[in-house]
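Lettering follows sequence order; numbering is per chain, from 1.
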Amino acid sequence: MSEDKYREEEDKTQLLIRTAHCEMPNLAKIVNCLITDGADALPEKCHMLPGIPVEPMLANPTKGVSEILTRFEDLEFTSEYKYDGERAQVHLMDNGTMRIYSRNLENNTSKYPDVIDKIRQCFSPEVKNFIIDAEAVAYDIEAKRILPFQVLSTRKRKNVENGDEVKVQVQLFAFDLLYLNDKPYVTKPFHTRRAALHKHFTPQEGSLAFATSMDANSVDEIQAFLDKSIEDSCEGLMIKTLYQDATYEIANRSKKWLKLKKDYIEDGGLGDSFDLVVIGAWYGQGKRTGWYAAYLLACYNEDEEEYQAICKVGTGMTNEFLKDSNEFFAKHLSESGKKAYYRTTESSKPDVWFEPVQVWEIKAADLSISPAYLAGVGEVHPTKGISLRFPRVLRIRDDKKPDEATSSSRIAEMYSAQPLVQQNGPPRR
DNA sequence: CTTGACTGCCC
DNA sequence: ATTCTGC
DNA sequence: GCAGAATGGGCAGTCAAG
């Protein structure tokens, strides 16, 4: 066999195995098939089947609408709302059993008996089996409004009884169809899968909706749709090719979709950014062993003249930044440990405390009510403070003194300005 | 029985 | 989740 | 461009201590 021919065969075998593993993530079965029947038998013996979870398609972040146009060039694509919930892969098996799997292929069926009951009303009897891809989102049925991720996460996770009163209602936002009536759809282009999804399923208020989408491809239209998605309490957009390079074949490329969130956009400083004081650090793991690897950050409360911890940060730093910061803060250790004017809880106590000497600009996706941090305590909640979701370092702000850091009142204001807080009010209790 | 630390899984 | 880095 | 390895907040669930 020639060198080229050998490589080709090797690539083919690898793709067969990868595909089988995505569609039937069961190594024992795959190895067994390889031993007894060979790789060529994999498509027949280890293929997608309702009841068995499938590796979900993921998305790459993009920094703006222009990057989307560059990446997809002349391909036609669609934009969809990116809902802030939990990935839900919904299966119907031949025997009528339904299952729901998470993004990491965990069986979440016992978490969602109510959702499964409701979804049964959303397809007709000629639908014998399927796998659909959806986002499970906390939902206020009376107000017909999406609720925050933080609400969804308070749902019970195990042994939710069907008769139980479920405190957090969930609506599914379906966006893809991977299998229907004994036929895999993953090799079909997205426009076909989406059309079949819309044809065979019927949305019902409070149970099932289709992800809001828009097919136009101009910069202005996408930008407007992104703005609208934020107003409508979503995280941003998912961008997906419709015709070419539009299959759901994870083995080829697991991140074929793009995602666009407001906080990714560098240009113009869109998205929330904060100027925060570094007041402590933790030692790291693995390649960061022996280094200050995560830093405790605080905002400034002007009334109390104190620094209130708001979050940790350990990403967004280059190796050079990490090294420089280690050298710098080693010179600014607090001899007395925690300062009297540092407001923190026991649960967010760093390995070392620093003097308040440097301000970092931090980017985040959202602000949340926190059990662990005390930023703005008393301003939106009597005993809890505010923290940041997905914090990362942007840069050092040497032009700002520590007491010029973002104020706690500004933090509280930004918390309250979030669309979901505006619509639903501050959390109770 | 209650509390708090820890784990595993969501993002 | 986000980000950086080595391949 | 991708995979791997660092790192984030926060929840229910678990289990041992009090």
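- Each of A:K384 and A:A293 has a nearest nucleotide on DNA chain D; the 5'-most of these lies closest to A:A293.
- Ring planes of A:H332 and A:F328: tilted class, angle from 30 to 60°.
- Under 4.0 angstrom from either OP1 or OP2 of B:dG8 there lies no side-chain N or O belonging to A:R157.
- Contact annotation for A:L388: backbone-only contact, meaning every heavy-atom pair under 4.0 Å involves sugar-phosphate atoms and none involves a base.
- A:I369 comes within contact range of the sugar-phosphate backbone alone, with a heavy-atom separation under 4.0 Å but no base atom that close.
- Between the CD atom of A:Q89 and the C1' atom of B:dC10 there is a distance of 16 Å, given to the nearest Å.
- Relative to the ring axis of A:W282, A:K312 places its NZ or CZ within 45° and under 6.0 Å from the centre.
- As a whole-Å value, the separation of A:R389 CZ from C:dT2 P is 9 Å.
- Within the 4.0 angstrom heavy-atom criterion, only backbone atoms of the sugar-phosphate kind lie near A:P371; the bases stay farther away.
- Note: CG (A:L152) to P (B:dC9) measures 17 Å, nearest angstrom.
- In terms of position on DNA chain C, the residue among A:E235 and A:V393 whose nearest nucleotide sits closer to the 5' end is A:E235.
- When distances run from any side-chain atom of A:F149 to the nucleotides C:dA1, B:dC10, C:dT3, the shortest one goes to B:dC10.
- Within the 4.0 angstrom heavy-atom criterion, only backbone atoms of the sugar-phosphate kind lie near A:R392; the bases stay farther away.
- Rounding to whole angstrom units, CG of residue A:L105 and P of B:dC9 are separated by 12 Å.
- Among the protein residues, A:T315 comes within range of the nucleic acid bases, having at least one heavy atom under 4.0 Å from a base atom.
- A:K111 comes within 4.0 angstrom of no nucleic acid atom, judged by non-hydrogen atoms across all strands.
- Rounded to whole angstrom, the span from the CZ atom of A:F321 across to the P atom of C:dT5 amounts to 12 Å.
- A close approach under 4.0 Å does not occur between any side-chain nitrogen or oxygen of A:K63 and OP1 or OP2 of C:dT2.
- We find that CG of A:L394 is positioned 14 Å from C1' of C:dC4, with the value rounded to whole Å.
- The closest side-chain heavy-atom distance from A:F149 to A:D366 is not below 4.5 Å.
- Whole-Å rounding puts the A:K312 NZ to C:dT3 P distance at 18 Å.
- Using a 4.0 Å heavy-atom criterion, one finds that A:S347 contacts no nucleic acid atom at all.
- Taking all atoms of both residues into account, the shortest heavy-atom contact from A:I68 to A:F77 is CG2-CZ, 3.9 Å.
- Checked against C:dA1, C:dT5, B:dC10, the side chain of A:N319 finds its nearest nucleotide in C:dT5.
- The span of DNA chain D lying next to chain A, judged by atoms under 4.0 Å from heavy atoms, is bounded 5' to 3' by D:dC2 to D:dT14.
- Taking atom C1' in both B:dG8 and C:dA1, the straight-line distance is 15 Å, to the nearest Å.
- Looking at A:M57 and A:I250, their side chains come closer than 4.5 Å, going by heavy atoms from C-beta outward.
- Here B:dC10 is the nucleotide among B:dC10, C:dA1, B:dG8 with the atom lying nearest to any side-chain atom of A:E86.
- Using a cut-off of 4.0 Å between Lys/Arg side-chain N and Asp/Glu carboxylate O, A:R194 and A:D215 are scored as salt-bridged.
- At B:dC9, none of the side-chain N or O atoms of A:N108 fall inside 4.0 Å of OP1 or OP2 (strictly under the cut-off).
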**Request:** Apply side-chain contact (heavy atoms from CB on, under 4.5 Å) to A:F225 and A:Y81, showing your working.
**Result:** CA-CA 9 Å; A:F225 196 53; A:Y81 278 12; 3.5 Å; yes
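- In this model, the phosphate group of C:dC4 is not approached by any side-chain N or O of A:K287 to a distance below 4.0 Å at OP1 or OP2.
- The nearest heavy atom of DNA chain D to A:R253 and to A:T154 marks one nucleotide each, and the one closer to the 5' end goes with A:R253.
- Rounded to whole Å, the distance from CG on A:N60 to C1' on C:dT2 is 12 Å.
- Distance from the side chain of A:T318 is smallest for C:dC4 among the nucleotides C:dT3, B:dC10, C:dC4.
- Cation-pi geometry between A:K188 and A:Y185 is satisfied (NZ or CZ under 6.0 Å from the ring centre, within 45° of the ring normal).
- For residues 14-29 of chain A, no pair satisfies side-chain hydrogen bond (donor to acceptor under 3.5 Å, both in side chains), with sequence neighbours left out.
- Nucleic acid contact for A:K255: none, since no nucleic acid atom lies under 4.0 Å from a heavy atom of the residue.
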